Chemist: 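Let me begin by handing over the structure; questions about it come next.
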There are 2 protein chains.
Amino acid sequence: MIPSKNAPADPGLDHLHTDCRRVGEVLARIGDKWSVLTVMLLRKGPRRFNELKREIGGISQRMLTFTLRGLERDGLVTRTVFATVPPRVDYELTPLGHSLREPVEGLGNWAFAHIASIESARRAFDERQSPKGET
Amino acid sequence: MIPSKNAPADPGLDHLHTDCRRVGEVLARIGDKWSVLTVMLLRKGPRRFNELKREIGGISQRMLTFTLRGLERDGLVTRTVFATVPPRVDYELTPLGHSLREPVEGLGNWAFAHIASIESARRAFDERQSPKGET
DNA sequence: CAGAATCCCGGAAGATACTG
DNA sequence: CAGTATCTTCCGGGATTCTG
């Protein structure tokens, strides 16, 4: 895991930077519009394509396909095809996918705890930008 | 926020959905290319504009401006202008900004712990898609 | 130094239609 | 049902230029 050559002269700084880059990678992966939502829905158990589509709501087939393919590629979900007459495909979280729950929920808790402050700050900021009625 | 007609028959399900939406909001906020990196650099203390630009590396003035403005709007950083001859502007994390560290580091740790599995899964998947030389 | 303004391109993502 | 293919629109974001 740890790069052998990258001796951290300044542990705090270099490690931080590396760390951030990694977070960046994960964020690039799950930070899109639908991935987290999909993973969190899947945590309740396997789902079929259109089931997911309905439950997520507002997602196009195209995006659901892409989202699922991305998650599958990264080993977060498995795709199981049943060769039945009406085709059936189940998507299910892998252990790795499940393991993502914890950090994501951490973020969710943070969001839940501070969303009010954020929205308040946001309103105050917007107020400052357009103090009066600005059409 | 909550549609009045959509009575949540299954509390667990609806709550999950709401929760996910919230995570989605946060992700939309910090899930961009630069926000997390900026916040994590700022955690070491206040920084000036070009200082940040240098330390982040690869970011354009435009994007740094936008990123900082967004973070400021949400109350995650403060912007302090010094009316000196060479203008000087310091950006600093608010307590709210600092509080974001924990969940973000949680995600970072997850990334760090599983990046190898992910890349492995990714390679395996890509292999499956183009088993031989596919021009 | 710290931005604001403008131009521009590529990719993200929606809508729709077709298929096994 | 579960996609794939195509077309089009939108906007994130880089490069560059101008200003207080």
Side-chain angles (χ1 to χ4, degrees), chain A residues 21 24-38 41-42 45-74 77-92 125-126 128-130 134, chain B residues 21 24-39 41-42 45-74 77-92 125 128-130 134:
Chain A
R21 297 292 179 188
E25 289 173 31
V26 184
L27 248 37
R29 173 77 280 281
I30 65 160
D32 67 77
K33 206 170 174 181
W34 305 110
S35 289
V36 166
L37 204 47
T38 305
L41 280 177
L42 243 26
R47 289 285 185 284
R48 303 179 58 174
F49 188 86
N50 279 333
E51 240 175 335
L52 275 173
K53 190 170 181 311
R54 263 191 307 275
E55 291 194 59
I56 294 177
I59 190 173
S60 60
Q61 316 92 312
R62 175 193 156 86
M63 285 320 293
L64 183 53
T65 301
F66 285 0
T67 301
L68 288 170
R69 193 171 299 276
L71 294 173
E72 185 195 359
R73 188 168 106 101
D74 286 355
V77 309
T78 57
R79 179 172 178 273
T80 311
V81 182
F82 300 90
T84 56
V85 175
R88 175 199 176 113
V89 180
D90 274 15
Y91 292 91
E92 186 170 15
F125 182 91
D126 293 346
R128 254 174 277 144
Q129 300 309 307
S130 50
E134 194 125 341
Chain B
R21 297 292 177 188
E25 288 173 32
V26 184
L27 249 36
R29 173 79 280 279
I30 65 161
D32 67 78
K33 205 171 175 182
W34 305 110
S35 289
V36 166
L37 204 46
T38 304
V39 167
L41 280 177
L42 243 26
R47 289 284 186 282
R48 303 178 57 175
F49 188 86
N50 279 333
E51 238 174 337
L52 274 173
K53 190 170 181 310
R54 263 190 307 276
E55 291 194 59
I56 294 177
I59 190 173
S60 60
Q61 316 92 311
R62 174 192 157 85
M63 285 321 293
L64 182 54
T65 301
F66 284 1
T67 301
L68 288 170
R69 193 170 299 276
L71 294 173
E72 185 195 0
R73 187 168 105 100
D74 286 355
V77 309
T78 57
R79 179 174 179 271
T80 311
V81 181
F82 300 90
T84 57
V85 175
R88 173 198 177 116
V89 180
D90 274 15
Y91 292 92
E92 186 170 15
F125 183 90
R128 254 173 277 144
Q129 300 309 306
S130 51
E134 194 126 341

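It should be emphasised that the depicted structure is a prediction, and the values quoted were computed from it without experimental measurement. The analysis underlying the following values was restricted to heavy atoms, covering all of them including side chains, and did not include hydrogens, waters or symmetry mates. Letters A, B, ... are given to chains in the order of the sequence lines, protein chains preceding strands, and every chain is numbered from 1.
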Chemist: Under a 4.5 Å cut-off applied to non-hydrogen side-chain atoms, are B/Val77 and B/Thr38 in contact?
Modeler: no
Chemist: Taking CG from A/Leu68 and C1' from C/dA13, how many angstroms apart are they, rounded to a whole number?
Modeler: 16 Å
Chemist: From D/dG3, C/dG14, C/dG3, pick the nucleotide closest to the side chain of B/Arg79?
Modeler: C/dG3
Chemist: Roughly how many Å is it from CZ in B/Arg48 to C1' in C/dG3, rounded to a whole number?
Modeler: 13 Å
Chemist: Between A/Lys33 and C/dG14, does any side-chain N or O lie under 4.0 Å from OP1 or OP2?
Modeler: yes
Chemist: Taking the minimum atom-to-atom distance to the side chain of A/Gln61, which one of C/dG3, C/dA17, C/dC1 wins?
Modeler: C/dA17
Chemist: OP1, OP2 of C/dG3 versus side-chain N and O of B/Arg69: anything below 4.0 Å?
Modeler: no
Chemist: Quick one: label A/Arg62 by what it contacts on the DNA or RNA (base, sugar-phosphate, nothing), any heavy atom closer than 4.0 Å.
Modeler: base
Chemist: Provide the closest heavy-atom pair for B/Ile59 versus B/Lys53 in the form atom of the first, atom of the second, distance.
Modeler: O-NZ, 3.6 Å
Chemist: Check the distance between D/dG12's C1' and B/Leu64's CG and give it to me in whole angstrom.
Modeler: 16 Å
Chemist: Separation of A/Met63 atom CE from C/dT16 atom C1', in whole Å?
Modeler: 16 Å
Chemist: In whole angstrom, give the distance that lies between atom CG of B/Leu52 and atom C1' of C/dC1.
Modeler: 13 Å
Chemist: Do A/Glu51 and A/Tyr91 make a side-chain contact, defined as non-hydrogen atoms from C-beta onward lying under 4.5 Å apart?
Modeler: no
Chemist: May I ask you to test the B/Phe82-B/Asp90 pair for a side-chain heavy-atom distance under 4.5 Å?
Modeler: yes
Chemist: CZ of A/Phe66 versus P of D/dA5: gap in Å, rounded?
Modeler: 9 Å
Chemist: Between A/Ile30 and A/Val36, which heavy-atom pair has the shortest distance, and what is it?
Modeler: O-CG2, 3.4 Å
Chemist: Picking from C/dG3, D/dG14, D/dA2, which would you name as closest to the side chain of B/Trp34?
Modeler: D/dG14
Chemist: Counting the atoms with a prime plus P, OP1 and OP2 as sugar-phosphate, which does A/Phe82 contact under 4.0 Å by heavy atoms, base, sugar-phosphate, or nothing?
Modeler: nothing
Chemist: Roughly how many Å is it from CD1 in B/Ile59 to C1' in D/dA15, rounded to a whole number?
Modeler: 14 Å
Chemist: Please tell me which of the listed nucleotides, C/dG14, C/dA2, D/dA2, lies nearest to the side chain of A/Pro87?
Modeler: D/dA2
Chemist: Check every atom of D/dC1, C/dC1, D/dG14 against the side chain of B/Asn50 and return the nucleotide holding the closest atom.
Modeler: C/dC1
Chemist: By nearest heavy atom, map B/Ser60 and A/Arg88 onto DNA chain D; which one lands nearer the 5' end?
Modeler: A/Arg88
Chemist: For the side chain of A/Tyr91, starting at C-beta, report the closest nucleotide among C/dA13, D/dG3, D/dG14.
Modeler: D/dG3
Chemist: Tell me: NZ of A/Lys53 to C1' of C/dA15, nearest whole Å?
Modeler: 11 Å
